[in-house]
Amino acid sequence: MSHVPRPQAGPAVVEMRGVSFAYDGEPVLTEVDLAVNRGDFAAVVGPNGGGKTTLLKLMAGLLEPSRGTVRVLGRAPHKVRARLGWLPQSLQVDPAFPVSVLEVVLMGRLGAGRGLRPRAEDRRAALEALARVEMEHLAARPFSRLSGGQQRRVLIARALATGPELLLLDEPTAGVDPAGELEIYAVLETLRHHHTMVMVSHDLGFVSPLVDHVICVNRRVQTHPTSQITPELIEAMYGQPVRMVRHDHQGPPEGCACG
Amino acid sequence: MSEFLSALWRYPFLQYALWAGLLASVSCGVVGSLVVVRRISYLAGAIAHSVLAGLGAARWMQVVLGWQWAHPLLGAVVAALLAAAVMGLVSLKAREREDTVVSALWAVGMAVGLMFMAATPGYATDLMAYLFGDILMVTPQQLWVMAGLDLVVVGLVVVFYHPLLMVCFDEEFARLRGLKVELWFLLLLGLVALTVVILAAVVGLVMVIALLTLPAGIAARWGHRLGGIMAGAVVLSAVFTSLGLGLSYGPDLPAGACIIVLAGAAYLAAAALVRPR
């Protein structure tokens with residue numbers, strides 16, 4: 001790939017080699033090879049049940065691969081947990097949970113090695129993270145009183161509060177109304193200049209102007225530079241999901257991280 | 001009610017009963033709030049019922065084996081903590097069959113308790129008091145034990161408020177922050193176990209689950225933060241136990257049952273008044 005001139009590209013932030021994963025013997029991902037470089041914004045797309053969230057959880061070290069190796073920031077994912085920012089699937093969090101917005105973001109400042117009680121500097125950092133998603137004026141609000149889109153933005157702020165070197169976002173706009181979706185995309189647009197990001201999304205049409213790469217997941221994985229995303233490809237992926245795994249092009253095109 | 005108030009001045013056993021209700025309310029409100037927001041009332045119910053095994057076993061050891069130190073209250077604490085550990089591990093490991101296994105442990109715990117009671121000569125009236133609660137039989141020694149358990153439970157929750165909040169809110173994220181999620185879950189169930197023992201003296205093991213969840217459930221309709229819900233649940237629980245005790249005295253009704261009916265009626269009224277968020 002020596003012909004690829006990517007100015008900000010350094011060593012791979014995420015690297016997967018020959019990774020397979022199975023739930024109770026049922027294969028979810030097979031022989032995945034991919035790389036995400038520093039500064040990249042990659043979208044993970046594909047049909048439901050195709051393994052998008054599984055791929056993200058393997059990167060976070062929440063799941064262990066059945067075969068193959070996952071390296072994040074050059075090490076095993078569970079060793080670099082503290083350097084990851086994580087936005088969970090929307091169902092992971094109870095929208096009625098009694099907690100304030102600031103308390104949620106402070107969770108990104110606590111943890112093993114960071115102490116179990118927030119200090120003044122943690123509050124400052126949490127408010128800064130809220131400002132980056134334009135939510136600092138609602139810091140004292142109950143989380144349960146926010147709209148779906150605002151809740152997702154608070155959870156993005158929690159991920160930012162960890163001071164992450166890699167942001168892993170699982171469907172930032174899931175369960176969010178169209179206006180809220182636009183606000184979240186605006187936030188992502190500003191974040192992409194400062195962070196390496198991998199984002200699971202169901203909405204390829206919306207994300208393709210934002211991202212550098214699209215990682216297509218349907219048990220197998222193919223990475224494309226955004227310039228390669230055509231209406232035909234989108235139709236093939238969502239209309240005939242089985243065909244989509246049989247990418248016919250040979251050799252990695254420019255910027256494509258997998259062969 | 002006025003009859004109760006005048007009797008309260010005269011009879012120490014009524015004062016003990018009132019203290020028991022107030023002491024129990026502290027742990028009940030604090031831990032009950034965690035049970036409600038983490039949605040583990042089913043596990044709490046199972047822990048409460050399987051405590052009967054510990055009560056029965058301790059009494060059997062006292063009477064048949066002659067081990068005087070094996071007080072039923074000690075048996076209850078040991079059984080509750082053991083049940084919490086077993087249920088916790090089952091809940092963490094046997095994901096899809098969790099409810100089956102928990103129900104089995106619930107019933108088997110009670111069955112073991114009944115077998116020990118049958119094998120022990122003499123009437124086990126005081127064990128029945130643990131089962132259905134007899135707040136009027138509470139002794140000063142029991143009050144000290146309850147106060148000590150309160151101190152442990154509330155102390156742990158105050159010290160570990162933030163990690164407990166993190167684990168209850170989003171287990172996955174807590175794991176990524178390096179928290180040992182399984183250990184925190186087991187600690188939470190341990191707190192539930194100790195609270196169950198405290199409450200057993202007031203309303204009995206069978207009805208513990210109602211007093212654990214109803215005050216917190218009502219408080220959660222208004223409260224927007226866990227700490228506030230805990231405070232509200234403590235106050236409500238103190239009101240229900242005191243008022244239930246007072247109302248039961250005149251017509252000579254079981255106090256535990258009155259407390260639970262009162263709490264249940266208040267919960268229904270709150271549900272009718274305030275729409276859930």
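FYI, side chains are in, hydrogens and waters are out, and symmetry mates aren't considered; it's all heavy atoms of this structure. The sequence lines fix the lettering, A, B, ..., with proteins before strands; numbering per chain opens at 1.
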ask   = Is there side-chain contact between A:M107 and B:L165, with heavy atoms separated by less than 4.5 Å?
value = yes
query = Considering only heavy atoms from C-beta outward, does the side chain of B:F173 approach that of A:L87 to under 4.5 Å?
reply = no
inquiry  = Strictly less than 4.5 Å between heavy atoms, which residues of residues 133-141 of chain A line up against chain B? Please order them by number.
reply    = none
inquiry  = Taking every non-hydrogen pair under 4.5 Å, which of A:L110, A:L84, A:L155 racks up the most with chain B?
reply    = A:L110
request  = First locate atom CD of B:E172, then atom CD of A:Q92, and finally report the distance between them rounded to the nearest 0.5 Å.
outcome  = 4.0 Å
ask   = Taking side chain as C-beta onward, heavy atoms only, is B:D170 less than 4.5 Å from A:R158?
value = yes
Atom pair CZ (A:F97) and CZ (B:R38), whose distance is rounded to the nearest 0.5 Å = 9.5 Å
inquiry  = Can you tell me if B:W184 has over 12 outside heavy atoms packed within less than 6.0 Å of its CH2?
reply    = yes
For residues 187-200 of chain A, run the donor-acceptor check on the side chains, cut-off 3.5 Å, and write out each pair with its distance to 0.1 Å, sequence neighbours left out.
residue: A:T190; atom: OG1; partner: A:V187; partner atom: O; Å: 2.7
residue: A:R192; atom: NE; partner: A:L210; partner atom: O; Å: 3.4
residue: A:R192; atom: NH1; partner: A:L210; partner atom: O; Å: 2.9
residue: A:R192; atom: NH2; partner: A:L210; partner atom: O; Å: 3.4
residue: A:R192; atom: NH2; partner: A:D212; partner atom: OD1; Å: 3.2
residue: A:H193; atom: NE2; partner: A:E189; partner atom: O; Å: 3.4
residue: A:H195; atom: NE2; partner: A:R132; partner atom: NH1; Å: 3.4
residue: A:H195; atom: NE2; partner: A:R132; partner atom: NH2; Å: 3.1
residue: A:T196; atom: OG1; partner: A:G39; partner atom: N; Å: 2.9

ask   = Are side-chain heavy atoms of B:M166 and A:L116 found at a separation under 4.5 Å?
value = no
ask   = Under 4.5 Å, heavy atom to heavy atom, which residues of residues 76-83 of chain A contact chain B?
value = A:R81, A:A82
task = Tabulate, in ascending numerical order, the residues of residues 54-69 of chain A having at least one heavy atom closer than 4.5 Å to a heavy atom of chain B, or enter 'none'.
result = A:K57, A:A60, A:L62
message = Name the residue from A:P142, A:S100, A:P98 that meets the side-chain contact (heavy atoms from CB on, under 4.5 Å) definition with B:R225.
response = A:S100
key: Atom of A:D94, atom of B:R39 and distance for their closest heavy-atom approach   = OD2-NH2, 2.8 Å
ask   = Given that the side chain runs from C-beta out, which part of A:L106 has a heavy atom under 4.5 Å from chain B: side chain, backbone, both or neither?
value = neither
ask   = What distance separates A:R109 CZ from B:R177 CZ, expressed to the nearest 0.5 Å?
value = 8.5 Å
